[in-house]
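Down below is the structure, laid out as structure tokens.
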Amino acid sequence: MNDTITKLKDLLQNSDNIVFFGGAGVSTESGIPDFRSADGLYNTEYAYPPETILSHSFFMAHTEEFYRFYRDKMLYPNAKPNKAHIALAKLEEQGKVKAVITQNVDGLHTEAGSVNVLELHGSALRNICMACKECYSLKKILQTDGIPLCACGGTIKPDVVLYEEGLDMTVMMRATDAIYDADVLIVGGTSLNVYPAAGLITNYQGNKLILINKSETPYDRHANLIIRESIGHTLEEATSVVH
Ligand code: ZN
């Protein structure tokens, strides 16, 4: 076990108020690619970049094309929680992790057993009729073609935050409070350049900021510990004997 993992392990062992803030890199180890890092891949298949397709105005104007991309590139119904999700759920069960804040919409933290999960960008597992607000599971999206319709005839929209849409203020406030109160803040699998979510971590008041990310982030100079390894491997190692 290397030095940084030993340091991380010490920090985790000595805290009962850890908050985790994670991005797409947490899910890539479950086989869910980060669409932001793969823009070029879609150029031949789609006439628009992912950021355009995943915007509110595009959804409203080209709902069918939105769903073609969304079903094809955004949904991974067979993905399973990885070592990172499992380690965080275990730490919460031990009373150490107080909140998991995520930018991912795949629901894998909840599936792994985490309870206090704050989904900044919503969840692909929830889909809501724009007319009557009836809620549908992911199955409804997967088992239909074209535009999924509610029993009432209304268009069903994924409960995920699209570009141009604001974040849920209740979730944002709970995330802000959790970070403000945190003793240890672990930021993982995010390059911290998606706002406003990334700005959240500026609320952290402590001196145990841990960044686990394969590439550099704008916050590296504020970090007390930087780990450039796989997040699943790192968290599994660091929690292997936490008691
Ligand atoms: Zn409806």
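Every number for a ligand or one of its atoms is a count from 1 in the order of the listing. Counting begins at 1 with the first residue of the sequence.
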### Task
Return the set of residues passing side chain to side chain donor-acceptor pair (under 3.5 Å) with Ser15 (not counting sequence neighbours), or none when no residue passes.
Asp183
### Task
Verify the neighbour count for atom CD of Gln205: are there more than 12 heavy atoms of other residues, nucleotides or ligands below 6.0 Å?
yes
### Query
With a cut-off of 2.8 Å, how many protein N, O or S atoms neighbour the Zn ion (ligand 1)?
4
### Query
Checking Tyr76 side chain against Lys73 main chain: does a donor-acceptor pair fall under 3.5 Å?
yes
### Query
Does Asn213 reach the side chain of Asp220, with side-chain heavy atoms less than 4.5 Å apart?
no
#### Entry: Mutual orientation of the aromatic rings belonging to Phe58 and His62 [parallel < 30°, tilted 30-60°, perpendicular > 60°]
tilted
### Query
Would you say the side-chain atoms of Asn224 pair up with the backbone N or O of Asn207, donor to acceptor, closer than 3.5 Å?
yes
